Amino acid sequence: MEKIKIGLITKPQALKGAFRLKPEILDLKKLKKLHEIFVDGRPYIIESVTLRDTFVILKVQDIDTCEQAETMRNKAVFAEIEIEKSNNLDLVGFDAIVEGLRGKIVDINNFGSKDIMTIEFDRSCMLPIIDGLIESVDYDSKTVTLSKQIFDQVAVL
């Protein structure tokens with residue numbers, strides 16, 4: 001299994017060495033099953049994983065103070081984890097197709113409980129990434145096909 005980037009450490013959390021992780025995968029429950037992560041190529045054994053709406057709190061062995069956690073700020077976190085490519089948030093730059101209408105995915109952010117995708121059609125459109133919205137992802141042609149029915153319900157133009 002290869003190591004993939006699962007997120008970015010944003011800041012320490014509390015005083016005992018835990019830190020916040022901005023996840024880059026959609027299925028956060030897979031993070032609960034991890035036993036080890038890699039930061040700067042160094043392995044760390046996971047002591048606990050707490051899932052929040054917009055971030056994950058990780059506590060690892062050998063990082064026991066807020067100051068030690070601060071040294072991890074802005075570092076990428078990798079793990080040997082099995083995920084489907086469609087669960088990866090790296091869709092920025094892909095074309096988005098909604099029943100013949102074609103646009104470009106220009107950003108994906110997390111402003112609350114759901115990731116928000118911004119697509120440029122003839123004007124900008126924002127929509128939450130919810131179950132069923134993404135019908136398929138073609139990594140070869142860099143296209144994402146979206147459900148017309150769900151798009152019509154959730155798109156903010």
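This is a predicted model, so every value here is computed, not measured.
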*Taking a hydrophobic cluster as the set of Ile, Leu, Val, Met, Phe, Trp and Tyr residues connected by side-chain heavy atoms closer than 4.5 Å, whether directly or through intermediates, do M117 and V92 fall within one such cluster?*
yes
_Residue pair I134 / L91, side-chain heavy-atom distance below 4.5 Å_ = yes
*Please confirm whether the backbone N or O of D140 pairs with a side-chain atom of D138, one donor and one acceptor, at under 3.5 Å?*
yes
*asked:* So, taking the atom named NZ in K22 and the one named NZ in K11, what distance separates them when rounded to the nearest 0.5 Å?
replied: 13.5 Å
*Any side-chain heavy atom of I63 within less than 4.5 Å of one from Y44?*
yes
*Find out if a path of hydrophobic residues (ILVMFWY) with successive side-chain heavy-atom gaps under 4.5 Å connects I45 to M72.*
no
_Does this structure show an ion pair linking D152 with K148, if we count only N-O contacts that are shorter than 4.0 Å?_
yes
*To the nearest 0.5 Å, tell me how far I105 CD1 sits from T143 OG1.*
9.5 Å
*Straight-line distance of I81 CD1 to K30 NZ, nearest 0.5 Å*: 6.5 Å
*For K16, what residues pass the side-chain hydrogen bond (donor to acceptor under 3.5 Å, both in side chains) criterion, not counting sequence neighbours?*
none
*Calculate, to the nearest 0.5 Å, the distance between atoms CG and CD1 belonging to L127 and I150 respectively.*
10.5 Å
*asked:* Is the shortest side-chain heavy-atom distance between D107 and E120 below 4.5 Å?
replied: no
_Connected via hydrophobic side-chain network under 4.5 Å: V137 and I119_ = yes
*Does the side chain to side chain contact (heavy atoms under 4.5 Å, CB included) test come out yes or no for D64 and K59, once each step is laid out?*
CA-CA 8 Å; D64 298 312; K59 173 67 178 91; 3.2 Å; yes
*Grab the two heavy atoms, one from A69 and one from G17, that are nearest each other, plus how far apart they are.*
CB-O, 3.7 Å
_Quick check with a 6.0 Å cut-off and a 45 degree axis cone: is K3 positioned over the face of F38's six-membered ring?_
yes
*Under 4.5 Å between any side-chain heavy atoms of S124 and T118, yes or no?*
yes
*For the hydrophobic clusters of this structure (ILVMFWY residues joined by side-chain heavy atoms under 4.5 Å, transitively), does one cluster hold both I9 and L51?*
yes
*V39 vs I37 side-chain heavy atoms within contact, under 4.5 Å*: yes
_Are there over 12 heavy-atom neighbours, none belonging to Q153, within less than 6.0 Å of that residue's CD?_
yes
*Please answer: with hydrophobic residues joined when any side-chain heavy atoms are less than 4.5 Å apart, are V106 and F151 in the same cluster?*
no
*Atom pair CZ/CD1 of F94 and I108 - distance to nearest 0.5 Å*: 9.5 Å
Report all side-chain donor-acceptor pairs from residues 95-102 shorter than 3.5 Å, counting only partners two or more places apart or in another chain.
| residue | atom | partner | partner atom | Å |
| --- | --- | --- | --- | --- |
| D95 | OD1 | K104 | NZ | 3.1 |
| D95 | OD2 | R102 | NH1 | 2.9 |

_Any I46 side-chain heavy atom under 4.5 Å of H35 side chain_ = no
_Within-4.5 Å side-chain heavy-atom neighbours: F55 and L21_ = no
*From R20 CZ over to L58 CG, what is the distance, rounded to the nearest 0.5 angstrom?*
12.0 Å
*Kindly indicate, with the supporting measurements, whether the criterion side chain to side chain contact (heavy atoms under 4.5 Å, CB included) is fulfilled by R52 and I57.*
CA-CA 8 Å; R52 298 285 191 227; I57 300 171; 3.9 Å; yes
_Which residue is it: T50, V49, I6, V77? I am looking for the one with a side-chain contact (heavy atoms from CB on, under 4.5 Å) to V56._
V49
